[in-house]
Amino acid sequence: MVSPPHEAMHRIFQHDPGLFSRVSRFLGVDIPTPVKATALPTDLTEANPVERRVDTLLRLETADQGPYLLAVEAQGKKHPDKPASWAYYTAYLWTKYRLPTALLVVCQDHATAKWAQQPVSCGPPQLPTLTVQPLVAGPHNMPVITDPEEARADLVLASLAAITHAAEPDVDAILKALSTALRDAPEDVAKPLVEFTAQGLAKRPAKNLWRNLVAVDLSFYKSYLAEEVRDEVRAAVRDEVRNEVRDEVRDEVRDEVRDEVRDEVRDEVRDEVRDEVRGEVRDEARAESRAEDILLILEQRGLGISEDVRSRITHCTDPELLRHWLARAVTVPKAEEVFEDA
């Protein structure tokens, strides 16, 4: 996934193609200012399954030296495969367009910049054949622009300075100078530079400073930074709503699952309950039969049976107790004495 700093480091040259000639003096070369610039397709894929794309490709025309191509690569870290890719880019572009081809690599840390500017040859030591040595812009050679007037003189260069020094201690002073210089710039000039700078800073601590500076100094605090803030708020609100919805859905699913499970186990439980109830009914029937036997014996013996005695016997459900009463009913002189010693 392409990162915001990656995009900012090369797209700023699309925004202002003349920036390369102004940057070149810091790289130890003298590149004429272009009189015309054209953005070219960045897809360098040939008729094979390997996709190759350069980050930014410009055709620059100069008054004295004619046209040439500028390929701009944003490099965030060392990668052993990159020199071969760069060699492919330059050779392919030279072959396709038949124009001199320059390669600029933009970095944000000293180690990557030092690695990128080392010449790499594709042949053995005694036969270098093709050597790749790109121009490299990074914190080691880009100017530290801390004067608002200097920043105002070249706003795009000041933005690139902030991007390439994003991890350096000087970046705070650069950002303050740039935000001050942008106060008087037209919105159509300042707005893209605010975005490029914000993208280049990514998630580094300086990003918060830049956000605060443009929020205070610039009335058009919106677009990339505003969208970023909006996204942060949206993410927070989304989490809150997600928790609320989760509780609602949990209740709904619990009811649904409860209904599903109820239907699934109803037949199972029905068989279990049928066995339980059958046992209970069987016990009740035995109790009723034994109670009837007790009353029958008392009646056959000619003993008077009061309603209290009858009720107590017929409402008893304890099998052992009824058995005891049945045994006493055979010998007691009075029906009430059935309950004695119970």
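Just so you know, these numbers use all the heavy atoms, side chains as well, and skip hydrogens, waters and symmetry mates.
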- Note on the structure: Minimal heavy-atom distance between Ala162 and Thr197, with the atoms involved, is CB-CG2, 4.1 Å
- Task: Give, for atom OG of Ser306 and atom CZ of Arg312, the distance between the pair rounded to the nearest 0.5 Å.
- Result: 10.5 Å
- Message: Main chain of Ala137, side chain of Asn141: is a donor-acceptor contact present, judged purely on distance under 3.5 Å?
- Response: no
- Item | Check ion pair Glu252-Arg254 (N to O, under 4.0 angstrom) | no
- List the atom of Pro139, the atom of His165, and the distance in Å for their closest heavy-atom pair. O-NE2, 3.4 Å
- Item | Spacing of Glu73 atom CD and His6 atom NE2 [to the nearest 0.5 Å] | 6.5 Å
- Task: Would you mind checking if Glu149 and Arg152 are paired as a salt bridge, meaning a charged N to carboxylate O distance below 4.0 Å?
- Result: yes
- For the atom pair CG (Asp55) and NE2 (His10), what is the distance rounded to the nearest 0.5 Å? 4.5 Å
- Query: So, the side chain of Asp147 versus the backbone of Ala177: is there a donor-acceptor pair under 3.5 Å, distance only?
  - Reply: no
- Query: Once the angle between the rings of Trp115 and Trp86 is folded into 0 to 90°, is it parallel (under 30°), tilted (30 to 60°) or perpendicular (over 60°)?
  - Reply: tilted
- Query: So, do Leu303 and Leu298 sit near enough that their side-chain heavy atoms are less than 4.5 Å apart?
  - Reply: yes
- Check: Val309 and Val338 side chains under 4.5 Å, non-hydrogen atoms: no
- Nearest-0.5 Å distance, SG of residue Cys316 to CD of residue Glu288: 12.0 Å
- Message: Just verifying a value: how many Å separate Glu187 CD and Leu182 CG, rounded to the nearest 0.5 Å?
- Response: 12.0 Å
- Message: Starting from Val35, can I reach Leu60 by hopping between I/L/V/M/F/W/Y residues whose side chains sit under 4.5 Å apart?
- Response: no
- Side chain to side chain, Leu27 and Leu104, heavy atoms closer than 4.5 Å: yes
- Enclosure of Arg301 CZ (heavy-atom neighbours >12, cutoff 6.0 Å): yes
- Quick one: do Arg310 and Glu299 make a salt bridge, cutoff under 4.0 Å? yes
- Query: To the nearest 0.5 Å, how far apart are CD1 in Ile297 and CG in Leu326?
  - Reply: 4.5 Å
- Would you indicate whether the side-chain heavy atoms of Thr33 and Thr62 approach each other to under 4.5 Å? no
- Taking 4.0 angstrom as the limit, do Arg25 and Asp30 come out as a salt bridge? no
- Message: Surrounding CZ of Arg22 (heavy atoms of other residues, nucleotides or ligands, distance under 6.0 Å), is the total greater than 12?
- Response: yes
- Query: Are the side chains of Phe339 and Ile313 in touch, meaning some heavy atoms are under 4.5 Å apart?
  - Reply: yes
- Task: Would you check, one step at a time, whether the test side chain to side chain contact (heavy atoms under 4.5 Å, CB included) holds for Thr317 with Asp283?
- Result: CA-CA 8 Å; Thr317 59; Asp283 291 340; over 6 Å; no
- Any donor and acceptor pair, going by atom type alone, linking the side chain of Arg59 with main-chain N or O of Ala37 inside 3.5 Å? no
- Is the closest side-chain heavy-atom distance between Thr131 and Pro128 below 4.5 Å? yes
- Would Val105 end up clustered with Leu130 when hydrophobic side chains under 4.5 Å apart are linked, directly or stepwise? no
- Donor-acceptor pair between Thr101 and Thr90 side chains, under 3.5 angstrom: no
- Query: Can Asp293 and Arg290 be said to form a salt bridge (charged side-chain N to carboxylate O under 4.0 Å, His left out), step by step?
  - Reply: CA-CA 5 Å; Asp293 291 343; Arg290 188 156 292 173; 5.9 Å; no
- Item | N/O donor-acceptor pair under 3.5 Å between Ser289 side chain and Ala285 backbone | no
- Got Arg53 and Tyr89 here, is their nearest side-chain heavy-atom distance under 4.5 Å? no
- Item | Pro34 versus Gly18, closest heavy-atom pair with distance | CG-CA, 3.9 Å
- Show your working on side chain to side chain contact (heavy atoms under 4.5 Å, CB included) between Ser159 and Leu178 and close with a plain yes or no. CA-CA 7 Å; Ser159 177; Leu178 178 58; 4.3 Å; yes
- Are any side-chain N or O atoms of Glu150 and backbone N or O atoms of Thr146, one a donor and one an acceptor, separated by less than 3.5 Å? no
- Are Val23 and Val144 co-members of a hydrophobic cluster defined by side-chain heavy atoms under 4.5 Å apart? no
- Given side chain to side chain contact (heavy atoms under 4.5 Å, CB included), test Leu135 with Val29 step by step and report yes or no. CA-CA 9 Å; Leu135 291 172; Val29 294; 4.1 Å; yes
- Message: Could you report the tightest heavy-atom contact between Gln75 and His79, atom names first, then the distance?
- Response: NE2-CB, 3.9 Å
- Message: Looking at every non-hydrogen atom in both residues, tell me the closest pair between Ala151 and Ala181 and how far apart they are.
- Response: CB-CB, 3.8 Å
- Query: Between Arg328 and Glu340, is there a donor-acceptor pair closer than 3.5 Å when you use the side chain of the first and the backbone of the second?
  - Reply: yes
- Do Thr56 and Gln14 get their side chains close enough for a donor-acceptor pair, meaning under 3.5 Å? yes
- Report yes or no: does Gln108 contribute a side-chain atom to a donor-acceptor pair with the main-chain N or O of Ile163 at less than 3.5 Å? yes
- Test item: Leu322 and Pro319 side chains (from C-beta on) under 4.5 Å apart, heavy atoms: no
- NZ/NE/NH1/NH2 to OD/OE distance under 4.0 Å, Lys77 and Asp109: no
- Single-linkage hydrophobic cluster, 4.5 Å side-chain cutoff, Val330 and Leu296 together: no
- Can a donor-acceptor pair be found between the side chains of Ser311 and Asp308 at a distance below 3.5 Å? no
- Please test Val156 against Ile12 for side chain to side chain contact (heavy atoms under 4.5 Å, CB included), starting from the C-alpha separation and ending with a verdict. CA-CA 8 Å; Val156 181; Ile12 194 170; 3.7 Å; yes
- For the residue pair Pro83 and Pro80, what are the closest heavy atoms and their distance? CD-O, 3.5 Å
- Task: Consider only side-chain heavy atoms of I, L, V, M, F, W and Y, link residues closer than 4.5 Å, and tell whether Tyr68 and Trp94 are in one cluster.
- Result: no
